[in-house]
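We count residues from 1, following the sequence as given.
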Amino acid sequence: MTRGAVLDPPKTVVTAKPPVPRKPERKRWGLTIVGTIVALVFLAPYLIMLSGAFKSRREILKVPPDYLPGDWRFDNFVNMWSTPETPLPSNLLSTVVISLGGTALALVAALPAAYYTARHSFRLKLPFMLLVLVTQMLQPTVLASGLFREFVSLEINDTWLAMILVNAAFNLSFAVWIMHSFFATVPKEIEEAAWLDGCSRTQSMRRIMLPLVWPGIVTAVIFTFIACWNEFAASLILLPTDTNQPLTVALTRFIGQYESAWQYVFAVSIIGILPVVALFAMIEKHLVSGLTAGGVK
């Protein structure tokens, strides 16, 4: 080393710091955690119900309870169809017929009403729409006694037709309001162009309007069907015969004053919610678009 040489200062080794998560990523993870907790809170009753459907009555009443069955009783889903409490096959058939019939009748009546109110201006239009909305506030429980006397005079009491009419009437206003907003978002020029091309009003309704408002129709159908499927109070009063009663009423027959067959209560409840869950899974895409698209004009 020469005298004039200059030594280089020692180099400082800099360790790379781990990247700090961006704020949007932190927010996303936070929302994911909160959403998971909320989902578990809402799913917990269904998980307990599913677990109870595979237990015996003694195991359900065990203290302290076991969350998972010690002896899996798969035969609960077989034995419940032949219990003396209620004829479940007939109850399931009644539920399907009443729900499908009520939904179809409400849709047939709501479609032209929603189309006319969205496309035409007439006197007392606003009071008419408000009157339609007010009918949604009336529940079958309030009018059950009057409906009972009315159906007795018409000789259709204790029939599926009576419950189809009740479910259709009490869900008609919701279907009208939902589809009214969708028909109102479709520009009139589209329909007028179809008329110029030679389409009649019926053809333009079927070929032009219905495909454009399909998300609204799906939304109205699914909510009307669920309301008909879950209806209880009117069915309890208007359908005294056990073979005509839907599952919601038949479920109460497993709960007695001194003894309750909870294993069948849970099993029937699982059977009762499966069609609704399957329906949601099949039309989820149309349902989400229907809930959002109708609000933008």
Do E231 and T248 come within less than 4.5 Å of each other through their side chains, counting heavy atoms only? no

Under the side chain to side chain contact (heavy atoms under 4.5 Å, CB included) test against L100, which residue among V96, I98, V97 passes? V96

Can T159 and N244 be counted as having a side-chain donor-acceptor contact under 3.5 angstrom? no

Sorted by chain and number, sequence neighbours left out, side-chain contact (heavy atoms from CB on, under 4.5 Å) with W72 holds for F54, P69, F74

Output yes when a side-chain donor or acceptor of Q245 lies under 3.5 Å from a complementary backbone atom of L239, and no otherwise. yes

ring-ring contact (aromatic ring centres under 6.0 Å, His included) pairs, two or more places apart, involving residues 92-111: none

Would you check if the side chain of S94 reaches a backbone N or O of T243 as a donor-acceptor pair within less than 3.5 Å? yes

Listing request: all salt bridge (Lys or Arg N to Asp or Glu O under 4.0 Å) pairs with a residue in residues 62-71, at least two apart in sequence or in separate chains. K62-D66

Checking the side chain of E189 only, and the main-chain atoms of E192 only, is there a donor and an acceptor separated by less than 3.5 Å? no

Does N76 reach the main-chain N or O of A53 with its side chain, forming a donor-acceptor pair under 3.5 Å? yes

Judged by atom type as modelled, is there a donor-acceptor pair below 3.5 Å linking the side chain of W81 to the main-chain atoms of F77? yes

Any side-chain donor-acceptor pair under 3.5 Å between W229 and T95? no

Flag for D158-T241: side-chain donor and acceptor within less than 3.5 Å: yes

